[in-house]
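Computed from a predicted model, the values in this text were never measured in an experiment. The residues of the chain are indexed from 1 along the displayed sequence.
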Amino acid sequence: MRLKFSDLFEDLGYSARCAELSGTEVEIAGFVAESHDGGVRMLVAQPGGCPDCSPVPVPAITLPAFRLDNAKGAVMLRGTLSYGFLVDAQGNASLLRLESARLATGLPT
């Protein structure tokens, strides 16, 4: 199922669809961003979006164990959407994750 950020976020929070789609294989386009300490990679809707320091909230989907060197443009990722509060082994908390994220075949639209 192909999603847009607007399917998962509304106003300043998460939409009800996050819970409905949790556990579903999805594709979503965005830009890979890294936390300031380099410990967390996230998918954000706009290039340069930073959930850590933006003056307005930036919707972000955490990408556990995702690695992509030199991600400079838009990407389409596929993985299992996971919604709910979770603290990983490194102490990073998240509410929305794309588990087993990988590059999807095809170009983002």
Roughly how far apart are [X] [atom1] and [Y] [atom2], rounded to 0.5 Å?
| X | Y | atom1 | atom2 | value |
| --- | --- | --- | --- | --- |
| R102 | E27 | CZ | CD | 8.5 Å |
| E99 | L86 | CD | CG | 7.5 Å |
| L3 | L98 | CG | CG | 9.5 Å |
| C18 | L95 | SG | CG | 9.0 Å |

For a quick test of your reading: what N or O donor-acceptor pairs under 3.5 Å do the side chains of residues 5-13 make, sequence neighbours left out?
{"residue": "D7", "atom": "OD2", "partner": "K4", "partner atom": "N", "Å": "2.8"}

Any donor-acceptor pair under 3.5 Å from [X] side chain to [Y] backbone:
| X | Y | answer |
| --- | --- | --- |
| R78 | S100 | no |
| T62 | P64 | no |
| S15 | R17 | yes |

Do you know the tightest heavy-atom contact between [X] and [Y]?
| X | Y | value |
| --- | --- | --- |
| G39 | D37 | N-OD1, 2.8 Å |
| G49 | A33 | O-CB, 3.7 Å |
| F85 | A93 | CE1-CB, 3.8 Å |

ILVMFWY network linking [X] to [Y], side-chain heavy atoms under 4.5 angstrom:
| X | Y | result |
| --- | --- | --- |
| V26 | I61 | yes |
| M42 | L103 | no |
| V44 | M76 | no |
| F66 | L43 | yes |
| L77 | Y83 | yes |

Taking atom CD of E34 as the centre, does the number of heavy atoms from other residues, nucleotides or ligands within less than 6.0 Å exceed 12?
->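 More than 12 heavy atoms, drawn from other residues, nucleotides or ligands, come within 6.0 Å of this atom.
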Is the shortest heavy-atom distance from the side chain of C50 to the side chain of H36 under 4.5 Å?
->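 Result yes, sub-4.5 Å side-chain heavy-atom pair found.
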